[in-house]
Amino acid sequence: MNVIALNGSPRKKNWNTVSLLEHALAGAASQGAETELVNLYDLQFSGCISCFACKRVDRKVRGVCAVKDDLTPVLERIAKADALILGSPIYYGTETAAMRACFERLCFPYNPYAVDGHCEFGRVIPTALLYTMNVPEEMIDSYGYRPHFAFMQRMLSAHFGPCEVMLCTDTLQYSDYGKYESAKFDGNAKGKRREEVFPQDCQRAYELGSRMARPLAG
Ligand SMILES: Cc1cc2nc3c(=O)[nH]c(=O)nc-3n(C[C@H](O)[C@H](O)[C@H](O)COP(=O)(O)O)c2cc1C
């Protein structure tokens with residue numbers, strides 16, 4: 001069992017998204033899985049360039065993105081992975097630019113344009129989306145984020161396999177709210193939440209990773 005997690009945050013140490021992903025991978029490792037964390041912001045790559053090489057009727061390989069860059073070996077490893085976790089902060093209501101670009105390259109080559117509509121990935125693996133965001137849970141609906149989360153969940157389920165979504169809300173954006181313009185936020189409350197609630201979020205991520213590393217029912 002091999003579990004790959006993609007970190008869509010440019011912050012790679014101790015911050016929200018990467019911490020959740022590390023806990024999810026620790027949960028998977030507790031079940032005996034081999035794990036890998038990929039920091040997308042360490043890589044130079046583009047999104048889909050709309051070349052449609054992956055849809056050509058005379059293509060030599062199926063389900064492979066023709067663009068060659070730093071994402072290529074990651075996509076090759078995902079093609080063989082047994083579970084996949086995508087983690088991203090919410091930037092302006094959606095994934096970060098790097099995660100979005102990765103998602104296009106990850107999914108489009110497997111996207112069934114054929115009439116029979118079968119997905120080119122060819123296997124069913126558990127997947128998960130971990131989102132971290134500044135807004136508190138009770139504001140997610142008014143900000144209109146849920147349809148996007150549901151869309152992404154459908155996409156991962158359709159391309160790879162059952163997808164769990166985990167939301168981590170009201171995150172700490174920087175460690176010292178006194179040093180940045182923060183009138184809209186209560187730095188003390190943010191700090192307290194980081195100390196008291198974020199460990200519970202990490203535990204939820206650990207349990208999610210542990211669930212993913214168990215064999216799929218049926
Ligand atoms: C450019 C930018 C845009 C952001 N947009 C949103 C947003 O639309 N909604 C939200 O809830 N948080 C937003 N945030 C806050 C981040 O989603 C939040 O702090 C997240 O937990 C950061 O993850 P990280 O600590 O892993 O980098 C934004 C942050 C940045 C830097």
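The shown structure was predicted, so the numbers you read here are calculated from the model rather than taken from an experiment. Every number for a ligand or one of its atoms is a count from 1 in the order of the listing.
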| Just which atoms of ligand 1 are under 4.0 Å from any heavy atom in Ser9? | 24 (P), 26 (O), 27 (O)
| Would you call the rings of Tyr131 and His148 parallel, tilted or perpendicular, where under 30° means parallel and over 60° means perpendicular? | tilted
| request: Can you establish whether the number of heavy atoms outside Tyr180 located under 6.0 Å from its atom OH is more than 12? | output: no
| request: With heavy atoms under 4.0 Å as the rule, classify the contact between Thr171 and ligand 1 as side chain, backbone, both or neither. | output: side chain
| query | Closest non-hydrogen protein atom to atom 14 (N) of ligand 1, residue and atom name please, with distance? | reply | Ile90 O, 3.2 Å
| query | Mind checking whether Phe52 and Tyr113 have parallel, tilted or perpendicular rings, split at 30° and 60°? | reply | tilted
| task | Could you find the nearest protein heavy atom to atom 15 (C) of ligand 1 and give me its residue, atom name and distance? | result | Gln173 OE1, 3.4 Å
| task | Starting from atom 5 (N) of ligand 1, locate the nearest protein heavy atom and write down its residue, its atom name and how far away it is, to 0.1 Å. | result | Tyr92 N, 3.0 Å
| field | Polar atom proximity, Val18 to ligand 1 (N or O, under 3.5 Å) | value | no
| Looking only at protein heavy atoms, which one is nearest to atom 22 (C) of ligand 1, and how far off is it? | Pro89 CB, 3.6 Å
| message | Side chain or backbone, does Trp15 bring an N or O within less than 3.5 Å of an N or O on ligand 1? | response | no
| task | Would you mind checking which non-hydrogen protein atom is closest to atom 30 (C) of ligand 1, with the distance to 0.1 Å? | result | Tyr91 CE1, 3.4 Å
| query | Between Arg11 and ligand 1, which part of the residue brings a heavy atom under 4.0 Å of the ligand: side chain, backbone, both or neither? | reply | side chain
| said: What verdict does the side chain to side chain contact (heavy atoms under 4.5 Å, CB included) test give for Arg146 and Leu167, after you've listed the backbone C-alpha separation in whole Å, the side-chain angles of each residue and the deciding distance to 0.1 Å? | reply: CA-CA 10 Å; Arg146 283 201 207 277; Leu167 307 181; 3.9 Å; yes
| field | Glu76 bridged to Arg105 by N-O distance under 4.0 Å | value | no
| field | Heavy atoms from other residues, nucleotides or ligands near CD of Gln173 exceed 12 (cutoff 6.0 Å) | value | yes
| How far is atom 10 (C) of ligand 1 from its nearest protein heavy atom, and which residue and atom is that? | Asn134 N, 3.5 Å
| query | Between Tyr174 and Lys179, is there a cation-pi geometry (under 6.0 Å to ring centre, at most 45° from the normal)? | reply | no
| task | Just need the protein heavy atom nearest to atom 26 (O) of ligand 1, so name the residue and atom and give the distance. | result | Thr17 OG1, 2.7 Å
| Has Tyr145 got any heavy atom lying under 4.0 angstrom from an atom of ligand 1? | yes
| request: Starting from atom 20 (C) of ligand 1, locate the nearest protein heavy atom and write down its residue, its atom name and how far away it is, to 0.1 Å. | output: Thr132 OG1, 3.3 Å
| So which of Ile4, Leu37, Leu20 actually passes side-chain contact (heavy atoms from CB on, under 4.5 Å) with Leu25? | Leu37
| Which of parallel (below 30°), tilted (30 to 60°) and perpendicular (above 60°) describes Phe149 and Tyr145? | perpendicular
